[in-house]
Amino acid sequence: MAKSDISNILPNEFLSTHELLLYYNDIIVDLLHKADEFDLSSSKFQIKSEQSLPTDDEDFIEWMFTHGFETEAYDYLKSHLFFSLLRDFIFYMHESFDCAERGKVTVAYTISRKPIKDTLYYLCWLLVDDKDLLDNLMLNESKEYDISSINFKTKKRLINEATKITKAPYEKDFIFDLIYKRNFKNGLSKVWDQSLHLVTGSRHYPTEPGNLNFIFAYDDIWDEYWSFYYATMPIIMNFSIEVIIKIFESIAKPDSTTVEANKWIRNFKFLNATNHLTKETNELFRSVLEHLTVTCEKCQKEYQCIGTVADEFINDYLYTCPHCETQERVGEYFMNKNK
């Protein structure tokens with residue numbers, strides 16, 4: 001089996017969900033690599049012979065809008081914004097995963113707050129109405145698109161619409177409540193505030209007299225919040241990855257077979273990590289993987305995802321090349337190299 005480098009500090013009960021988080025992490029890293037591999041952050045268009053290119057002192061985006069290339073300008077801005085937000089999102093979430101793995105629970109929560117409350121919202125906005133977000137960025141004062149000035153009703157409507165578009169398996173308002181609702185029993189707002197501040201005055205979770213948030217916590221309290229991290233983060237990342245993939249596919253435009261195959265793999269990995277993969281769905285997963293041919297990055301030999309390779313692919317976040325024993329990451333958006 002592939003050798004894992006996950007810290008032995010992490011309790012075994014969290015191992016499968018942590019591997020799921022690493023799987024999602026690797027998918028996002030792969031998307032960023034594919035942005036370069038397929039030149040997805042650029043926009044190509046044909047200039048008429050009588051048109052002149054912008055001079056050095058002209059803004060190229062403004063030139064595109066004023067010379068009949070509005071669609072191309074929006075496409076370019078969307079791609080550029082998407083991959084920039086994606087990089088920001090995973091920089092923070094990767095560090096959060098790393099801290100959680102090593103038992104630095106409050107730090108893991110603190111680091112996760114910005115990417116989930118802020119960056120993910122803008123990704124949802126880009127999915128739901130990319131032109132509206134881009135127009136806000138180009139034409140309005142920053143206070144108009146500052147997430148802290150956007151009311152809860154608008155946020156809820158947008159998050160629900162993103163949930164609907166991605167067909168994420170969550171009830172209406174659930175993702176919004178999990179992220180933003182302060183009095184939601186199983187929400188993240190309480191933990192984020194307590195991890196950021198030694199004293200919280202919120203009527204929903206005031207710090208008790210004589211106490212400081214997390215400073216005097218016993219092991220059972222730490223274990224409770226550690227467990228809560230691994231109960232909530234797979235849900236957040238499952239939703240996030242579907243939002244991210246939808247935007248990526250609108251830019252990269254893979255064929256429908258590629259879209260469906262990757263969707264199957266993501267769904268199976270989530271079901272397996274959350275102990276919902278039945279014998280029947282396991283067998284179905286294996287039948288899907290039989291059609292997946294992998295090219296080893298090191299030895300460049302091709303091999304099928306069957307046998308022990310399939311075992312590792314299903315149950316781990318790493319799998320091993322049967323030819324040279326190089327470890328590959330399961331987290332990838334599988335698509336034709338020629339796109």
Side-chain angles (χ1 to χ4, degrees), residues 20-45 71-90 93 115-116 119-134 137 158-170 175 234-271 285 288-289 291-295 305 313 317 329-339:
L20 179 67
L21 298 181
L22 295 180
Y23 165 70
Y24 288 142
N25 176 92
D26 293 342
I27 289 179
I28 293 175
V29 171
D30 181 63
L31 297 183
L32 291 170
H33 284 309
K34 282 184 168 57
D36 294 330
E37 183 180 357
F38 296 118
D39 200 19
L40 298 176
S41 292
S42 65
S43 182
K44 298 177 182 179
F45 51 92
T71 299
E72 291 82 359
Y74 276 118
D75 287 345
Y76 167 74
L77 290 169
K78 176 182 176 178
S79 297
H80 181 68
L81 178 59
F82 169 63
F83 289 112
S84 298
L85 287 171
L86 191 57
R87 185 176 293 106
D88 179 82
F89 179 81
I90 201 56
M93 291 308 297
I116 295 174
T119 313
L120 178 58
Y121 182 82
Y122 289 112
L123 285 167
C124 288
W125 194 348
L126 193 62
L127 172 66
V128 173
D129 194 340
D130 52 8
K131 188 174 182 296
D132 181 58
L133 175 56
L134 294 170
L137 287 168
L158 188 137
I159 296 296
N160 282 337
E161 184 61 25
T163 306
K164 183 179 178 180
I165 291 172
T166 59
K167 299 180 180 178
Y170 304 110
I175 296 296
I235 295 171
I236 292 293
M237 287 303 299
N238 175 254
F239 172 72
S240 300
I241 207 72
E242 294 309 316
V243 169
I244 288 163
I245 292 294
K246 275 289 185 184
I247 302 171
F248 175 80
E249 289 172 342
S250 73
I251 295 169
K253 296 179 173 55
D255 60 70
S256 59
T257 301
T258 298
V259 170
E260 287 301 313
N262 280 279
K263 179 72 172 177
W264 274 93
I265 293 171
R266 293 195 306 277
N267 286 344
F268 281 131
K269 290 295 290 183
F270 181 75
L271 289 172
F285 193 4
V288 171
L289 293 178
H291 299 283
L292 180 64
T293 300
V294 181
T295 302
C305 196
F313 197 100
Y317 69 104
R329 292 185 177 273
V330 177
E332 178 181 346
Y333 188 90
F334 295 94
M335 58 191 293
N336 191 303
K337 293 294 182 181
N338 299 319
K339 199 168 73 97

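Each residue takes its place number in the sequence, starting with 1.
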* Which pairs pass salt bridge (Lys or Arg N to Asp or Glu O under 4.0 Å) with one or both residues in residues 74-87, sequence neighbours excluded? -> Lys78-Asp130
* To do: May I ask you to decide if the ring planes of Trp264 and Phe268 are parallel, tilted or perpendicular, using 30° and 60° as cut-offs?
  => tilted
* Structure fact -> CD of Glu161 to OG1 of Thr166, rounded to nearest 0.5 Å, is 10.0 Å
* Asked: Which residues pass the side-chain hydrogen bond (donor to acceptor under 3.5 Å, both in side chains) test with Asn25, sequence neighbours left out?
  -> His94
* To do: Apply salt bridge (charged side-chain N to carboxylate O under 4.0 Å, His left out) to Asp88 and list each qualifying residue two or more places apart in sequence or on a separate chain.
  => Lys114
* Asked: Are any of the side-chain heavy atoms of Ser240 and Ile116 separated by less than 4.5 Å?
  -> no
* Asked: Hey, is Glu242 close enough to Lys167 for a salt bridge, meaning N to O under 4.0 Å?
  -> no
* **Identified side chain to side chain donor-acceptor pair (under 3.5 Å) partner of Tyr170 from the options Asn160, Thr163, Asn238** => Asn238
* Distance from Ile244 atom CD1 to Ile90 atom CD1, nearest 0.5 Å? -> 7.0 Å
* **Shortest non-hydrogen contact from Met237 toward Leu21** => CG-CD2, 3.8 Å
* **Side chains of Val330 and Leu22 in contact at under 4.5 Å (non-hydrogen atoms)** => no
* Asked: Quick one: does Leu289's side chain get under 4.5 Å of Leu292's, heavy atoms only?
  -> yes
* Hey, does Tyr317 have a side-chain heavy atom less than 4.5 Å from the side chain of Tyr24? -> no
* Asked: Any side-chain heavy atom of Thr258 within less than 4.5 Å of one from Phe334?
  -> no
* To do: Check the surroundings of atom NZ in Lys164: do more than 12 heavy atoms from other residues, nucleotides or ligands lie under 6.0 Å from it?
  => no
* Going from CG on Leu120 to CZ on Phe239, what distance comes out if it is rounded to the nearest 0.5 angstrom? -> 5.5 Å
* Asked: So among Leu133, Leu81, Val128, Val243, which one has a side-chain contact (heavy atoms from CB on, under 4.5 Å) with Leu123?
  -> Val243
* CG-CH2 distance between Leu134 and Trp125, expressed to the nearest 0.5 angstrom -> 10.0 Å
* **Partner set under salt bridge (charged side-chain N to carboxylate O under 4.0 Å, His left out) for Lys131, not counting sequence neighbours** => Asp135
* To do: Please indicate whether Tyr121 has more than 12 foreign heavy atoms, meaning atoms of other residues, nucleotides or ligands, lying under 6.0 Å from its OH.
  => yes
* Compare all side-chain heavy atoms of Phe38 with those of Met335 and state whether any distance is below 4.5 angstrom. => yes
* Asked: How long is the span from the OH atom in Tyr23 to the CD1 atom in Ile241, to the nearest 0.5 Å?
  -> 8.0 Å
* Reported CD1-to-CZ distance for the pair Ile251 and Phe248, which is rounded to 0.5 angstrom -> 8.0 Å
* Asked: If you look at every heavy atom in Asn262 and Glu332, which pair is closest and at what distance?
  -> OD1-O, 3.9 Å
* Side-chain heavy-atom pair Ile245, Ile27 within 4.5 angstrom cut-off -> yes
* **By side-chain hydrogen bond (donor to acceptor under 3.5 Å, both in side chains) - contacts of Glu249 (at least two apart)** => Tyr333
* Non-neighbouring partners of Ser79 that pass side-chain hydrogen bond (donor to acceptor under 3.5 Å, both in side chains), sequence neighbours left out -> none
